[in-house]
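See structure below.
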Number of protein chains: 2
Amino acid sequence: MRPTTKDLAKAAGVSLATVDRVLNERPGVRPKTVEAVTEAIARIGFVRNQSAANLARQKVYRLAFLLPENGDQFRDALTASIAEARQTLASDAIQIATQAALPNDPHRTADLIAGLSAEDLDGVAIMAPASPQVRDATLRLAQAGVAVVSFVSGQQNDVAFDFVGIDNRAAGATVGRLLGRFAGGQTGKILVVAETMTALDSVERRLGFDQIMTREFPNLTVLPSLETHGREDRAQKIIGHAYRHHNNIVGVYVIATEGRQALSAILKTTDPKRQVIVAHEHTGFTERLLVTGCLDAIIAQSTGHLVRSAVRTLKARIDGQEPIASQERIRIEILLRENLGLPHQS
Amino acid sequence: MRPTTKDLAKAAGVSLATVDRVLNERPGVRPKTVEAVTEAIARIGFVRNQSAANLARQKVYRLAFLLPENGDQFRDALTASIAEARQTLASDAIQIATQAALPNDPHRTADLIAGLSAEDLDGVAIMAPASPQVRDATLRLAQAGVAVVSFVSGQQNDVAFDFVGIDNRAAGATVGRLLGRFAGGQTGKILVVAETMTALDSVERRLGFDQIMTREFPNLTVLPSLETHGREDRAQKIIGHAYRHHNNIVGVYVIATEGRQALSAILKTTDPKRQVIVAHEHTGFTERLLVTGCLDAIIAQSTGHLVRSAVRTLKARIDGQEPIASQERIRIEILLRENLGLPHQS
DNA sequence: CTTGCTTTGAGGTACGTACCTCAAATACAC
DNA sequence: GTGTATTTGAGGTACGTACCTCAAAGCAAG
């Protein structure tokens, strides 16, 4: 049986009240007594029963996820994982709210964040494109005592907050290696399609991608990034243009999340099976393409892990602890048709 | 605030005692009353506070992991993950013991399992090669009321227990696709090296591998499996022999966990960089080979996930619940140098 | 030695749930 | 309607911790 506060009191030769004062850093205890108690804690290996403490304290962790309002299937998957986490974690005194933030409008997003307060919130995970307004509002929120993580995308080089998401540079490098190997020594060009290169994630992915390509696959020439701006017509136009002007495109890297516009345009423009195509995130859309052989690989991050990691990180910060870095690293998953977890085909 | 049992009692128009009887399935409640309470549960969205319940119940989940006594680095990683889980889960009233089982000796393993009882154990995760003796002892244990999962390797087609581990057939298929693509259309032979093909895991991996290779990569000929029996000298002998008799080996699939003997022998026999080599499990050994370019990819399963999944599954069974299948699927990870999680090289 | 202050102890209540006992209420068979 | 069995209610204690109050003990200065 684990030692309780009572055992601790006995071991330290003090009363329960004093133990309580020391544990909760209440005043009115001589340094010498504090030391005696901390010594006893170490000696008998006392660990506070967090459940009981939360129960007594009537503590609830009030967390929120701020996600872009409009979204692709990846965002929907995140929302679903959040809902699942809400269920699972409800019994651990963790309350999770989801809120939509406003994309493409940093001011309104900042306003929304500014409207939050420590009064009704202990921690937030924010998924928003980097912008000074959002950053300022977020910093103020953090200073007001709310735990903050930047989630999936955003200012990940920012030392002010924890970041929960994949290392995008490594993700880009992974795509590079995969594309290079799958291309099998051919000589040719690689098309890169993003939604917008103003997004930090895309920049970092491209960085990691280029690094590998120039170093390891000099036979492949990487073209400048095309930007769809999330519009199907534009995607069609620029991709059509690219294929008309380059006759030896052997691979495509779709940088943008899910990359629906880009992939749709490519399918209409050319035969996807005659080149190597890699895209990000596991959704119904990308899965279908992978299974039918139109996509060669998907680079993904598990939404379930993302959400759970964000929750653990926030909880640790709220409790004044340091998150366990090793556990919170989000894996860069490489998905082929065979390791999607689908039932076997005969 | 979340509704409590008291709120539930009020909402259902019954007393706390009756609510308690319904919640804990104690006898002596009319079906009609049960229904009224369950209706109220749904209506007000009552969720039992698991922490408080565990506290009141003084419940501890006593779990144990039975791993092979002698082991490679993968087993060590499992042990480390178990130790980590022990720390993390201690506050959830989960006690975890690790025990060494005896490999290559089914009788002693079975004896050890037979020595366990529901008296001092609520659940066990067993990692042991399939054998009738072990299976019988395990079945008896399960009938004695101990929750059992077969862990990582073993009798995974066994409906009698839950299985926590990867789908080995899919893992083999994944290796197949990767090897095939990395080989880039070359014509040649693929060497397959196992520790022993009596292990169920290896058989299934080979099955999945062959299926893909014959269907998708007819240019590659897969050779019969070599068996090292875990002995370095034998590995050296059979692998040397293989390379002397086949002049166009373009790829190697090391089926066995970590595959230290096989890989060491290959490194001594031939230039690993001139062929595609894929092995299983992420350990210090395989990581070094991957980073130096001697290995092309590692197919891995996360020891942390394995352990946590086993714990969740056992806990669910002990609580009389069904494990959530979707959450417990262990991912087949594809690791390249770039997504290992190492710090960036400049 | 007294005064005033700090430190400590003893004891209480509370959190939400489990589990127990005993009495009261109700239902049902005859 | 009576007797009996079943169902329900009221109230208690417990789990480990937090937080409160009040009194007792300790200590230092005068």
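Quick note on labels: first sequence line is chain A, next is B, and so on, each numbered from 1. Hydrogens, waters and symmetry mates are skipped; everything else that's a heavy atom, side chains included, is used.
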- request: Could you verify whether a donor N or O on one side chain and an acceptor N or O on the other, from Thr33(A) and Arg21(A), lie under 3.5 Å apart?
  value: no
Practice item. Hey, can you tell me if His305(B) and His305(A) have their rings parallel, tilted or perpendicular (30° and 60° cut-offs)? Key: tilted
From CG of Asn54(B) across to C1' of dA14(D) the rounded distance in Å is 15 Å
From the candidates dT8(C), dT17(D), dC15(C), the one with an atom nearest any side-chain atom of Asn49(A) is dT17(D)
**Asked** Is the shortest heavy-atom distance from the side chain of Phe74(B) to the side chain of Thr303(B) under 4.5 Å?
**Response** yes
Hey, are the side chains of Arg75(A) and Gln73(A) touching, using non-hydrogen atoms and a 4.5 Å cut-off?
-> no
Taking five pairs at each terminus, the helix from dC1(C)-dG30(D) to dC30(C)-dG1(D) shows an axis bend, to 10°, of 30°
_Can a side-chain donor-acceptor contact be found between Glu281(A) and Gln301(A) if the only test is distance below 3.5 angstrom?_
yes
The nucleotide from dT17(D), dT8(C), dC19(C) with an atom nearest the side chain of Thr33(A) is dT8(C)
Would you check, one step at a time, whether the test salt bridge (charged side-chain N to carboxylate O under 4.0 Å, His left out) holds for Arg317(A) with Glu322(A)? CA-CA 6 Å; Arg317(A) 290 293 179 203; Glu322(A) 199 69 21; 3.2 Å; yes
For this session: Compare all side-chain heavy atoms of Val149(A) with those of Phe163(A) and state whether any distance is below 4.5 angstrom.
Result: no
Taken to the nearest whole Å, CZ/Phe46(A) to P/dG16(D) is 11 Å
Within residues 9-30 of chain A, those residues having any heavy atom closer than 4.0 Å to DNA chain D are Asp20(A), Asn24(A), Arg26(A)
**Study point:** dG16(C) phosphate, OP1 or OP2, under 4.0 Å from Gln50(B) side-chain N/O
**Key:** no
Among dA18(C), dT17(D), dC15(C), the one nearest any side-chain atom of Thr4(A) is dT17(D)
Arg57(A) atom CZ is separated from dG16(C) atom C1', nearest whole Å, by 16 Å
Does any part of the side chain of Phe151(B), heavy atoms only, come nearer than 4.5 Å to the side chain of Val307(B), both counted from C-beta?
yes
Here the distance between atom P of dG9(D) and atom NZ of Lys6(B), to the nearest Å, is 16 Å
When rounded to whole Å, the CZ to C1' distance for the pair Arg48(A) and dC15(C) reads 16 Å
Arg2(A) CZ to dG16(D) P, in whole Å, measures 10 Å
For Asp72(A), the salt bridge (Lys or Arg N to Asp or Glu O under 4.0 Å) test, sequence neighbours excluded, returns none
To the nearest angstrom, the CG-C1' distance between Leu55(B) and dC15(D) comes to 4 Å
